[in-house]
K.L.:
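The structure's right below; bear with me while I get my questions together.
Each chain gets a letter, A, B and so on, in the order its sequence line appears, and its residues count up from 1. Just so it is clear, the values below take in all heavy atoms, side chains as well, and ignore hydrogens, waters and symmetry mates.
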Amino acid sequence: MKEQNYIKLEFPSRSSNEFFARAAASAFAAQLDPTLEELGDIKTAVSEAVTNAIVHAYPDKIGRVLMRMRILSGNTLEIMVKDFGKGIENVEEARRPLFTTGGSERSGMGFTIMESFMDKLRVRSVPGKGTTVVMQRAIRLRAGMR
Amino acid sequence: MKYAASFSSGRLTVYLSGELDHHAAGEAIRVVGELIEDNMPRECVLDFSGLSFMDSSGIAVIINAGRKMRSLGGRLSVENPAPQPRKVLEASGIERLIAVATRI
Ligand SMILES: Nc1ncnc2c1ncn2[C@@H]1O[C@H](COP(=O)(O)OP(=O)(O)OP(=O)(O)O)[C@@H](O)[C@H]1O
Ligand SMILES: [Mg+2]
């Protein structure tokens, strides 16, 4: 797959950066001419992945969050969110709907939403080392455009 | 996030506006919880018409408000979500537990 364009960001795991991460994803995705619904899906998935890094990877400290977005062939957007935090013991279990270690302020729906709003979701995690989430979404070419 | 509320004949309506993410959710859970405790309504409506964005953190706000209403023997519902919040509500399956309606 030919890599056509990319951007890399790094920010501390502060909750105020959730808004920024969504806005950055939306601005980068704009070059694929997405519909409002596609943009909404992308912002939602990014918000889930970044929030997980902020809430779960670094529960009681501020750590580094990396985000890389790139355009792949086939008008496809790929988004990677990476942290160097506590990691996930059992990824399969963590991806199940309603599974949460987050208590009453979390619903255990983040991975389920990422999965249903994007075409592909890959989660790699090493306990004590960190977690990497990679998501892809093909943006449909619209009639009359480009 | 901005909040407004109205109360009449046992029905509390809480209007939330802005982007309901994890950054905003802690405050939203507290504000809605306090409004319910202060008014002791039979019915609570979360009006989402002003929400321009919501993620799973918003689901937790609804679940917390629903739990509070149930402990008072009352009901919670969500009204008027825009397309993006509506899609998150649908994906989460919360509609099996809490009524989501459009009234405008
Ligand atoms: N980056 C991460 N680092 C460490 N643990 C994680 C990370 N992402 C997810 N997890 C673990 O996976 C679980 C499920 O994540 P998911 O996003 O599906 O739900 P949640 O974050 O608990 O709730 P919600 O996303 O609905 O607010 C989390 O409770 C946490 O235990
Ligand atoms: Mg989550």
K.L.:
Is the backbone of A/Leu141 close enough, under 3.5 Å, to the side chain of A/Asp33 for a donor and an acceptor to pair up by distance?
P.N.:
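No, A/Asp33 side chain to A/Leu141 backbone: no donor-acceptor pair under 3.5 Å.
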K.L.:
Give the intermediate values and the outcome of salt bridge (charged side-chain N to carboxylate O under 4.0 Å, His left out) for residues B/Arg11 and B/Glu79.
P.N.:
CA-CA 13 Å; B/Arg11 180 182 159 109; B/Glu79 285 186 3; 3.4 Å; yes
K.L.:
Keeping the roles fixed (side chain from A/Thr44, backbone from A/Ile42), state whether a donor-acceptor pair exists under 3.5 Å.
P.N.:
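Not a single qualifying donor-acceptor pair exists.
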K.L.:
In this structure, are over 12 heavy atoms from other groups packed under 6.0 Å from A/Glu10 atom CD?
P.N.:
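Enclosed.
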K.L.:
Looking only at heavy atoms, what is the nearest atom pair of B/His23 and A/Ser16, with distance?
P.N.:
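Scanning both residues, the minimum pair turns out to be ND1-N, 3.5 Å.
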K.L.:
Indicate every side-chain donor-acceptor pair of residues 86-93 of chain B with a distance under 3.5 Å to a residue at least two apart or in another chain.
P.N.:
unit_1, atom_1, unit_2, atom_2, d
B/Arg86, NH2, B/Thr102, OG1, 3.3
B/Lys87, NZ, A/Glu37, OE2, 2.8
B/Lys87, NZ, A/Asp41, OD1, 3.0
B/Lys87, NZ, A/Asp41, OD2, 2.8
B/Ser92, OG, B/Val88, O, 3.4
B/Ser92, OG, B/Leu89, O, 2.8
B/Ser92, OG, B/Ile94, N, 3.2

K.L.:
If contact means a heavy atom pair closer than 4.5 Å, which residues of residues 48-66 of chain A contact chain B?
P.N.:
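A/Glu48, A/Thr51, A/Ile54, A/Val55 fall under the 4.5 Å cut-off.
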K.L.:
Apply the side chain to side chain contact (heavy atoms under 4.5 Å, CB included) test between A/Gln31 and each candidate in A/Ile139, A/Ile71, A/Leu77; give the one that qualifies.
P.N.:
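Among the candidates, only A/Ile71 passes.
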K.L.:
What part of A/Phe117 gets closer than 4.5 Å to chain B, counting heavy atoms only: side chain, backbone, both or neither?
P.N.:
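For A/Phe117, the contact with chain B is made by the side chain alone.
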K.L.:
Under the side-chain hydrogen bond (donor to acceptor under 3.5 Å, both in side chains) criterion, do A/Gln4 and A/Ser73 qualify, and how do the steps go?
P.N.:
CA-CA 7 Å; A/Gln4 292 168 325; A/Ser73 61; over 6 Å; no
K.L.:
With a 3.5 Å cut-off and no angle check, do the side chains of A/Glu18 and B/His22 form a donor-acceptor pair?
P.N.:
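Checked: A/Glu18/B/His22 side chains pair up, N/O donor to acceptor below 3.5 Å.
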K.L.:
Need one label for A/Arg22: side chain, backbone, both or neither, based on atoms under 4.5 Å from any heavy atom in chain B.
P.N.:
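Contact with chain B is through the side chain of A/Arg22 alone.
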K.L.:
Please list, in residue-number order, every residue in residues 26-42 of chain B that has a heavy atom less than 4.5 Å from any heavy atom of chain A; write 'none' if there are none.
P.N.:
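Residues of residues 26-42 of chain B touching chain A at under 4.5 Å: B/Gly26, B/Ile29.
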K.L.:
I'd like to know whether CZ of A/Phe11 has more than 12 heavy-atom contacts from other residues, nucleotides or ligands below 6.0 angstrom.
P.N.:
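More than 12 within 6.0 Å, yes.
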K.L.:
Pick from A/Ser47, A/Gly40, A/Ser116, A/Gly110: which one has the most heavy-atom pairs with chain B under 4.5 Å?
P.N.:
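So the answer, after comparing A/Ser47, A/Gly40, A/Ser116, A/Gly110, is A/Ser47.
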K.L.:
Against chain A, label B/Asp55 side chain, backbone, both or neither, depending on which of its atoms sit under 4.5 Å from a heavy atom there.
P.N.:
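For B/Asp55, the contact with chain A is made by backbone and side chain together.
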K.L.:
Is the CD atom of A/Glu93 crowded by more than 12 outside heavy atoms at less than 6.0 Å?
P.N.:
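Enclosed: over 12 neighbouring heavy atoms sit under 6.0 Å from CD of A/Glu93.
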K.L.:
Would the number of heavy atoms belonging to other residues, nucleotides or ligands and lying under 6.0 Å from CZ of A/Arg124 be above 12?
P.N.:
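Count not over threshold, so no.
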K.L.:
Going by atom types only, do B/Ser57 and A/Arg106 share a side-chain donor-acceptor pair under 3.5 Å?
P.N.:
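Yes, because at least one side-chain N or O of B/Ser57 sits under 3.5 Å from a partner of the opposite role on A/Arg106.
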K.L.:
Please determine whether a side-chain nitrogen of the Lys or Arg among A/Glu78 and A/Arg68 lies less than 4.0 Å from a carboxylate oxygen of the Asp or Glu.
P.N.:
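Looking at A/Arg68 together with A/Glu78, the answer is yes, because their closest N to O distance falls below 4.0 Å.
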K.L.:
With a 4.5 Å heavy-atom cut-off (strictly below), which parts of residues 96-105 of chain A touch chain B? List them by number.
P.N.:
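Against chain B, the residues of residues 96-105 of chain A that fall inside the cut-off (heavy atoms, under 4.5 Å) are A/Ser104, A/Glu105.
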K.L.:
Start with the C-alpha gap between B/Ile59 and B/Met54, add the side-chain angles, then the distance that decides, and say whether side-chain contact (heavy atoms from CB on, under 4.5 Å) holds.
P.N.:
CA-CA 9 Å; B/Ile59 304 298; B/Met54 182 186 106; 3.8 Å; yes
